[in-house]
Amino acid sequence: MISILTTLFGCFLTGIILSAPMGPIGILCIQRTLNKGRESGLYTGIGAGLSDLFYCLLSGLGISIVTDFIDGHKDILQVIGSAILLIYAIYLIIKRNTAANIKDSAIYTKESRYRDLASGFAFTLSNPLIIFLIFPLFARFGFPAGLPWPVIIVGYLFIFTGALCWWTVITYLVNKVRKHFNIRSMWIINTIMGSIILLLSLYGLATGLQSFITL
């Protein structure tokens, strides 16, 4: 019983660890929380958590066809994912409707929730290299090999719960300081965060393309 509880706690930590690195998706959640309010950032984080869960399912269920494909094409996948982030970063830097975003942030529609959730899922899904972080985490916490199916199902729920807790705390803290920013400072933050995403995407493109050059 104790070992099962330890494994489930490890699953919870896995969800946090997969979400915690402040990469492009983390910056995107912060940017949306500052611009549109906590709900927008949270739904973006939920989408990212669902994408992490998807890759965890692929890893845990041993779908070798998918994992072998990712392993064999990780460089081109990195290039594609970085290109997607690069396009979004440019859009974030050049857009000028920050004032409208702040004014309309109280009106958060169901369509907006779906859009933020879908984009969070898509941006995280565009980085399949996360699967190589999942493997050692699963090995460290002894999941899911050898466990009964009910425990495995609960374990996956704990992974998603860990991710959800992380994004809940992050968006809560960011939303607390949101009121201290005016329109100009929000534009500056958008530019800075867009530039960070731009640099990260360029680094991903460079490292991905370098592997093709050295082949």
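Minimum interatomic distance between T168 and T171 (heavy atoms only, all atoms of both residues): O-OG1, 3.2 Å. The nearest pair of heavy atoms linking G60 to P144 is O-CG, 3.5 Å. Considering every non-hydrogen atom in both I152 and F143, the closest pair reads O-CZ, 3.5 Å. Counting all heavy atoms, side chain and backbone alike, W167 lies closest to G26 at CH2-CA, 3.7 Å. Closest heavy-atom contact between A163 and S19: CB-OG, 3.3 Å.
Following chains of ILVMFWY side-chain contacts shorter than 4.5 Å, one cannot reach F158 starting from V169, and the two form parts of different hydrophobic clusters.
The residue from T33, L34, I27 that alone fulfils the side-chain contact (heavy atoms from CB on, under 4.5 Å) condition with I30 is L34.
Residues that satisfy the side-chain contact (heavy atoms from CB on, under 4.5 Å) test with V151, not counting sequence neighbours, are I4, L8, L147, P148. Residues satisfying the ring pair (Phe, Tyr, Trp, His ring centres under 6.0 Å) test with F12, not counting sequence neighbours, are none. In terms of the side-chain contact (heavy atoms from CB on, under 4.5 Å) criterion, residue partners of L133 (sequence neighbours excluded) are, by chain and number, L18, L137. Every residue two or more places apart in sequence or in another chain that forms a side-chain contact (heavy atoms from CB on, under 4.5 Å) with L125 is listed here: S51, F54, Y55, F121. R140 is linked by a side chain to side chain donor-acceptor pair (under 3.5 Å) to nothing, counting only residues two or more places apart in sequence or in another chain.
Sorted by first and then second residue, the salt bridge (Lys or Arg N to Asp or Glu O under 4.0 Å) pairs involving residues 23-35 (not counting sequence neighbours) are R32-D116.
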